Every structure is written in structure tokens, then in C-alpha cells.
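To start, the structure itself, in C-alpha cells.
Heavy atoms only: backbone and side chains are in, while hydrogens, waters and symmetry mates are out. These numbers come from a predicted model, not from an experiment.
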Amino acid sequence: MKYAALTGISPSVIAELKSGKARTLELNSAHNIITLTETAPPGECIFMTSINEEDLSPGDPGGIMVDLLALSIGMRRIEVTNPFFYEERERMSARIKVQFRGG
């Protein structure tokens with residue numbers, strides 16, 4: 001069976017989720033945002049691990065299964081100004097609410 005995977009998650013976040021309480025996380029990694037928008041609608045069970053995406057392989061230890069309770073994808077505008085220039089950027093992020101299902 002295949003599950004969507006969120007990779008590169010901090011080990012401290014994974015440890016906190018293991019306590020069983022639902023938590024809201026903000027993810028900025030492009031590969032995790034793509035995973036959430038393409039393959040993981042709310043209600044799905046997903047795999048979370050601290051292992052980087054390019055190093056992930058079947059049977060790796062250290063990951064957990066979580067239920068995706070809520071998902072919100074949004075853009076945030078960032079403005080940088082100084083006396084010489086004005087710069088405006090946009091950054092996409094995903095806010096998710098997840099709860100530990102099993103290890």
C-alpha cells in the first residue's frame with residue numbers, strides 16, 4: 001500500500017505528535033506542498049518522516065502515520081524596502097492540522 005509522504009519534518013515535531021494531540025503545522029518546502037496539493041486531501045492518512053525526500057526508501061525507520069484533519073494552501077506577500085529599492089515577493093505555504101495515528 002502506498003501513502004503520501006511529508007519528508008524533512010523536524011524530529012521534535014514528530015515526537016510531539018506522538019503524544020496524540022492534534023497539531024497545526026506550517027510547511028514551506030515545495031516538495032511537501034506539491035504532495036499535499038496533488039495526493040493528500042483532508043481525511044487521508046499520510047506518512048511523516050524526518051528523512052529527506054531524496055534519501056527516503058521503503059523500510060526506513062523513524063516515520064509516523066498521521067491523519068490529515070485540515071489543509072489550507074495560501075500565498076504570503078513579503079515586502080522588502082530600503083532607501084534604494086522596493087522588492088515584493090510571494091511565498092506559498094501549507095498549513096495542516098494532523099493527529100498521530102500510529103508509528
Side-chain angles (χ1 to χ4, degrees):
M1 184 171 268
K2 290 186 177 186
Y3 290 96
L6 299 178
T7 60
I9 306 299
S10 167
S12 61
V13 170
I14 291 173
E16 187 176 340
L17 285 167
K18 285 182 179 180
S19 72
K21 295 179 182 157
R23 294 286 183 238
T24 300
L25 309 173
E26 184 169 328
L27 303 174
N28 296 304
S29 300
H31 65 277
N32 285 334
I33 294 171
I34 291 167
T35 296
L36 289 166
T37 57
E38 291 183 352
T39 61
E44 289 289 314
C45 183
I46 55 179
F47 179 70
M48 293 181 83
T49 181
S50 59
I51 298 171
N52 291 329
E53 177 187 26
E54 57 273 355
D55 295 331
L56 187 62
S57 60
D60 280 341
I64 61 172
M65 299 303 292
V66 295
D67 289 318
L68 182 60
L69 305 176
L71 168 64
S72 173
I73 306 287
M75 295 293 284
R76 180 170 293 160
R77 205 166 86 203
I78 302 167
E79 297 174 2
V80 178
T81 59
N82 70 36
F84 302 107
F85 70 90
Y86 172 83
E87 185 176 356
E88 184 178 312
R89 299 180 193 169
E90 287 186 330
R91 186 182 85 196
M92 184 178 281
S93 65
R95 290 182 58 83
I96 60 171
K97 187 168 188 174
V98 293
Q99 186 164 21
F100 180 68
R101 177 181 255 198

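- Under a 3.5 Å cut-off, the side chain of Thr49 and the backbone N or O of Ile51 do form a donor-acceptor pair.
- With values rounded to the nearest 0.5 angstrom, Phe100 atom CZ is found 10.5 Å from Met65 atom CE.
- Contact between Ala5 and Asn32 at its shortest, heavy atoms only, is O-OD1, 4.1 Å.
- Transitive grouping of hydrophobic side chains (ILVMFWY, heavy atoms separated by less than 4.5 Å) keeps Leu69 and Ile46 in distinct clusters.
- Under the 4.5 Å side-chain contact rule for hydrophobic residues, Ile34 and Tyr3 do not share a cluster.
- Residue Phe47 holds its CZ atom at 12.5 Å from OG1 of Thr35, rounded to the nearest 0.5 Å.
- Surrounding CZ of Arg91 are more than 12 heavy atoms belonging to other residues, nucleotides or ligands, all under 6.0 Å away.
- With contacts defined as side-chain heavy-atom distances shorter than 4.5 Å, the pair Glu44/Val66 does not qualify.
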Show the numbers, then the answer: is there a salt bridge (Lys or Arg N to Asp or Glu O under 4.0 Å) between Glu88 and Arg77?
CA-CA 7 Å; Glu88 184 178 312; Arg77 205 166 86 203; 3.6 Å; yes

Using the side chain to side chain contact (heavy atoms under 4.5 Å, CB included) rule, take Asp67 and Cys45 through it: C-alpha gap first, then chi angles, then the decisive distance, then the call.
CA-CA 5 Å; Asp67 289 318; Cys45 183; 4.1 Å; yes

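- Across every non-hydrogen atom of Leu68 and Pro41, the tightest pair is CD2-O, 3.7 Å.
- The hydrophobic clustering, which links ILVMFWY residues whose side-chain heavy atoms are closer than 4.5 Å, places Met92 and Val80 apart.
- Counting heavy atoms from C-beta on, the side chains of Leu36 and Leu27 come closer than 4.5 Å.
- Between Leu6 and Ile96 there is a side-chain heavy-atom pair separated by less than 4.5 Å.
- A continuous path of hydrophobic side-chain contacts links Val13 to Ile33 [ILVMFWY only; heavy atoms under 4.5 Å].
- Distance check, rounded to the nearest 0.5 Å: CD of Glu79 to CD of Glu90 gives 10.5 Å.
- Between Arg76 and Glu26, some side-chain heavy-atom pair lies under the 4.5 Å cut-off.
- When side chains are defined from C-beta on, Ser93 counts as touching Asn28, because their heavy atoms get closer than 4.5 Å.
- Inter-residue side-chain proximity for Thr24 and Lys97 is flagged as met; some heavy-atom pair is nearer than 4.5 Å.
- Under the 4.5 Å side-chain criterion, counting only non-hydrogen atoms from C-beta, Ile64 is in contact with Ile14.
- Comment: Glu16 does not engage Lys18 in a salt bridge, judged by the lack of any side-chain N to carboxylate O separation of less than 4.0 angstrom.
- Side-chain contact between Thr37 and Leu71 is absent, with no heavy atoms from C-beta onward closer than 4.5 Å.
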